[in-house]
Amino acid sequence: MKVYLDNNATTPVDPLVLEAMLPYFVDKFGNAASRNHSFGWEAEQAVDAARAQIADLIGADPKEIIWTSGATEGNNIAVKGVAEMYADKGRHIITQVTEHKAVIDPCNYVGKHGYRVTFLPVDRTGLIDLQQLADAITDDTILVSIMHGNNEIGTLQPIAQIGRLCKERGVFFHTDCCQTFGKVPLNVEEMGIDLLTASGHKIHGPKGIGAMYIRRKRPRVRCAPLIHGGGHERGMRSGTLNVPCIVGMGRAAEICGRQMDTEPARIAALRDRLKNGILSQLDEVFLNGHPTGRTPTNLNLSFSYVEGESLMMAFDDIAVSSGSACTSASLEPSYVLKALGVGEELAHSSIRFSLGRFNTEEEIDYTIERVVAAVKRLREMSPLYELAQEGIDLSTVKWGEH
Ligand SMILES: *Cc1c(COP(=O)(O)O)cnc(C)c1O
């Protein structure tokens with residue numbers, strides 16, 4: 001058996017999505033910007049239908065949806081596009097330490113070009129403090145960018161409250177919703193969202209396509225383009241539209257919408273089955289992220305006395321992620337876990353299990369069996385675990401440099 005539990009990284013394309021895309025490669029290949037023949041109109045109609053499918057899922061007007069190459073580009077447009085467009089209004093941006101790199105890096109970029117960026121800290125569960133956010137907003141603040149569901153730890157930020165606060169203070173609110181778009185009900189009006197980014201391949205759509213919501217009224221938001229040439233997408237993102245992938249992402253969003261009442265609950269139940277199955281058979285396993293306020297797909301656990309990398313190798317038929325990111329030469333613990341205050345040892349022993357539409361109960365039970373056996377076996381070989389079992393307090397042991 002091979003089990004895929006890395007759905008926060010990417011998801012398989014749903015066969016229904018592929019089926020919707022296929023005609024747009026060969027038969028209906030028109031350029032959506034060709035206004036003078038039926039090939040173009042056909043493509044444009046398909047793009048407009050997909051725009052409506054995205055808009056429907058978040059309570060937006062289809063005119064407010066912009067196509068991008070993915071959420072990385074969307075986040076760049078939000079941060080750099082707003083920074084450039086509103087430079088005369090202010091030069092301060094607020095975000096948080098646990099954002100995806102696709103928000104952190106553009107923020108650092110504008111930070112090097114005359115803007116001030118505040119990175120809000122998070123608590124042990126991954127939540128920002130709303131009072132700290134309110135205190136950070138100044139007359140110079142133009143944008144608050146806080147993600148909805150965290151990709152590593154699953155924590156859900158209270159975006160409706162953040163949106164309300166931003167409205168009161170007259171600041172634009174952007175939210176990276178890659179991990180919640182199609183998985184958690186979203187409404188840009190009720191949540192006071194001005195800019196939102198989503199990605200096709202996180203919702204069983206194709207890779208290399210993303211959608212962005214950019215508010216058109218109350219207030220109107222404009223973003224300076226990153227890519228110039230032709231003025232497509234209301235001038236904010238030029239380039240010939242990727243019609244097959246757009247059709248695919250639209251269809252993927254539509255399927256998520258139709259299943260919203262049942263599917264997130266089914267996935268959350270599988271996720272809880274996995275958690276309970278592991279926790280009931282192993283001691284010294286810790287949940288990272290918020291205990292209840294988390295995305296339905298995400299389970300992040302730290303297994304004391306076991307290295308995440310070794311653990312992943314021990315069950316190589318199950319695809320997961322570890323809490324250590326292999327950056328260039330060194331194996332650094334995840335900056336997200338670090339920000340929560342998870343110690344280095346526990347960060348290195350963390351595993352992210354992330355579930356999706358095609359996971360079954362059978363797969364979860366198999367995973368529980370494999371994980372429990374692997375952790376027990378690795379712990380048996382761990383001198384640290386042996387010491388701890390003998391009642392020696394490891395925090396009092398002096399370790400050499402490492
Ligand atoms: C996957 C992901 C991204 C990047 O999306 P791409 O479409 O792959 O560029 C950004 N933010 C979050 C939270 C993600 O999970």
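Position 1 is the first residue of the sequence, and the numbers go up from there. Whatever order the structure lists them in is the order used to number ligands and atoms, beginning at 1.
Around atom 3 (C) of ligand 1, the closest heavy atom drawn from H100, E152, E99, H148 belongs to H100. Checking G200, S199, G149 against atom 7 (O) of ligand 1, the nearest heavy atom belongs to S199.
Set against the non-hydrogen atoms of N151, the atoms of ligand 1 under 4.0 Å away are 13 (C), 15 (O).
Geometrically, K101 engages Y335 in a cation-pi contact defined by less than 6.0 Å to the ring centre and at most 45° from the axis. Within the cation-pi definition used here (under 6.0 Å to the ring centroid, within 45° of the axis), R379 does not qualify as a partner of Y305. The cationic atom of K28 (NZ for Lys, CZ for Arg) does not lie both less than 6.0 Å from the six-membered ring centre of F39 and within 45° of the ring axis.
Regarding atom 1 (C) of ligand 1, its nearest protein heavy-atom neighbour is K202 NZ, 1.3 Å. Nearest non-hydrogen protein atom to atom 6 (P) of ligand 1 is A71 N, 3.5 Å. Of the protein's non-hydrogen atoms, T72 OG1, 3.6 Å is the one closest to atom 4 (C) of ligand 1.
Proximity of M147 to ligand 1, defined as any heavy-atom pair under 4.0 Å, is confined to the side chain (atoms from C-beta onward). Residue contacts with ligand 1 for D176 involve side-chain atoms from C-beta outward but no N, CA, C or O (heavy atoms, distance under 4.0 Å). In H201, the part holding a heavy atom less than 4.0 Å from any atom of ligand 1 is the side chain. Under 4.0 Å from ligand 1, the heavy atoms of C178 that appear belong solely to its side chain.
Of the possible donor and acceptor atoms, none in the side chain of R352 sits under 3.5 Å from a partner among the backbone N and O of S322. One N or O on the side chain of R266 and one on the backbone of R357 form a donor-acceptor pair closer than 3.5 Å.
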Take R273 and E361 through the test salt bridge (charged side-chain N to carboxylate O under 4.0 Å, His left out) and record every step on the way to the result.
CA-CA 8 Å; R273 185 183 182 93; E361 208 169 272; 3.7 Å; yes
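With rounding to the nearest 0.5 angstrom, the CG atom of D272 is 8.5 Å from the CG atom of L299.
Ion pairing between K167 and D194 holds under the 4.0 Å rule for side-chain N and carboxylate O.
Checked against a 3.5 angstrom limit, the closest N/O atoms of E73 and ligand 1 fall outside it.
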